[in-house]
Amino acid sequence: MTAIDELLKRNYELGNVIPGDRSSPKPSLQVAILTCMDSRIRVFEIFGLRQGEAHVLRNAGGVVTDDAIRSLALSQRKLGTREVLLVHHTNCGLELVTEDDFKDELEADTGLRPTWAVEAFKQVEQSVRGSMARLRRSPFIPHTNKIRGFVYDVHTGELREVDAADAQAA
């Protein structure tokens with residue numbers, strides 16, 4: 001059985017028992033959460049979310065990229081969100097690579113060098129600050145007064161807020 005087959009089986013067995021309001025694409029809590037794709041971050045469980053309460057966006061590192069800004073602009077301008085919760089985490093895979101080394105590896109394998117940024121980092125708090133600052137500077141994000149950033153400890157489950165004042169300088 002493939003992993004996809006296993007997931008489909010679980011979905012069938014689960015049935016329609018997930019609580020929450022599915023009547024609108026507009027999140028009832030008016031919040032968007034941007035976090036890493038790391039499978040140890042169980043977003044719905046961490047925040048006790050129900051379906052329909054929040055937009056959840058994920059990418060490598062949970063960093064604010066052009067695509068994240070695209071999704072957050074749609075979330076705020078068309079679907080009513082007013083707050084952004086950024087969640088980066090300890091022990092992230094992006095701490096294990098460097099921008100140039102990964103691009104060199106891809107170029108060696110494919111003959112093409114990516115035009116996109118890897119967004120590798122060494123200090124997770126600095127990555128959160130940079131992402132908060134990037135969002136606040138974006139002309140496409142109209143609601144920037146309620147952007148908060150956190151580091152999630154994958155071993156303890158603790159959420160630690162990153163000082164928002166430091167994000168202005170990042």
Side-chain angles (χ1 to χ4, degrees), residues 3-4 6-7 10 18-20 27 29-76 81-107 109 114-138 140-141 143-170:
I4 293 173
E6 174 64 26
L7 295 175
R10 290 179 191 178
I18 299 172
L29 292 179
Q30 298 183 319
V31 65
I33 300 168
L34 173 59
T35 191
C36 185
M37 64 187 190
D38 191 300
S39 60
R40 297 171 293 178
I41 303 170
R42 297 172 45 173
V43 180
F44 279 76
E45 289 86 348
I46 290 170
F47 296 108
L49 286 174
R50 295 187 181 121
Q51 283 188 346
E53 290 186 325
H55 283 158
V56 178
L57 305 128
R58 298 180 84 137
N59 67 25
V63 295
V64 174
T65 60
D66 285 346
D67 192 56
I69 289 173
R70 169 190 161 271
S71 294
L72 290 168
L74 285 162
S75 178
Q76 287 196 353
T81 62
R82 297 295 178 260
E83 299 181 52
V84 179
L85 173 59
L86 297 173
V87 183
H88 295 200
H89 66 95
T90 59
N91 193 228
C92 184
L94 279 183
E95 295 173 322
L96 305 175
V97 299
T98 67
E99 197 81 19
D100 289 335
D101 286 346
F102 188 61
K103 285 184 173 186
D104 290 346
E105 179 184 326
L106 292 174
E107 186 173 21
D109 286 348
T115 57
W116 36 262
V118 177
E119 302 283 348
F121 57 86
K122 294 297 178 201
Q123 297 291 327
V124 66
E125 291 85 1
Q126 190 57 34
S127 181
V128 172
R129 287 183 193 101
S131 284
M132 285 193 292
R134 200 176 285 167
L135 269 182
R136 286 193 175 103
R137 286 192 307 260
S138 175
F140 306 113
I141 306 298
H143 305 285
T144 59
N145 61 327
K146 293 183 182 172
I147 296 170
R148 293 172 66 184
F150 294 81
V151 174
Y152 174 72
D153 187 312
V154 296
H155 301 293
T156 68
E158 174 191 10
L159 278 168
R160 185 176 67 255
E161 188 160 11
V162 175
D163 187 4
D166 293 339
Q168 302 297 341

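Computation of the quantities below employed the complete heavy-atom set of this structure, encompassing side-chain atoms and omitting hydrogens, waters and symmetry-equivalent molecules.
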Check: Can you name the side-chain contact (heavy atoms from CB on, under 4.5 Å) partners of Ile4, sequence neighbours left out?
Finding: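 In terms of side-chain contact (heavy atoms from CB on, under 4.5 Å), with neighbours along the sequence ignored, Ile4 is linked to Thr2, Leu8.
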Mind checking what makes side-chain hydrogen bond (donor to acceptor under 3.5 Å, both in side chains) contact with [X], not counting sequence neighbours?
| X | result |
| --- | --- |
| Glu119 | Arg134 |
| Thr98 | Asp101 |
| Thr65 | none |
| Arg40 | Asp38, Asn91 |

Any [X] side-chain heavy atom under 4.5 Å of [Y] side chain:
| X | Y | answer |
| --- | --- | --- |
| Leu135 | Leu86 | yes |
| Val84 | Gln76 | yes |
| Cys92 | Phe121 | yes |
| Val87 | Val43 | no |

Exceeds 12 heavy-atom contacts within 6.0 angstrom, atom [atom1] of [X]:
| X | atom1 | value |
| --- | --- | --- |
| Gln123 | CD | no |
| Asp66 | CG | no |
| Arg148 | CZ | no |

Item checked: Partner residues of Glu125 under the salt bridge (charged side-chain N to carboxylate O under 4.0 Å, His left out) criterion, sequence neighbours left out ->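 Here the qualifying residues are Arg160.
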Margin query: Using the rule side chain to side chain contact (heavy atoms under 4.5 Å, CB included), only one of Leu34, Ile33, Ile41 pairs with Arg58; which is it?
Written below: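 Result: among Leu34, Ile33, Ile41, Ile41 is the only option passing the side chain to side chain contact (heavy atoms under 4.5 Å, CB included) with Arg58.
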Item checked: Ionic contact status for Asp67 with Arg70, cut-off 4.0 Å ->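 Result for this pair is yes, salt bridge flagged.
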Check: Would a distance-only check, ignoring hydrogens and angles, find a side-chain to backbone donor-acceptor pair under 3.5 Å from Ser131 to Val63?
Finding: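 A pair under 3.5 Å: no.
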Check: Is it true that a side-chain atom of His89 and a backbone atom of Tyr152 form a donor plus acceptor pair closer than 3.5 Å?
Finding: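 Side chain of His89 to backbone of Tyr152: no pair is present.
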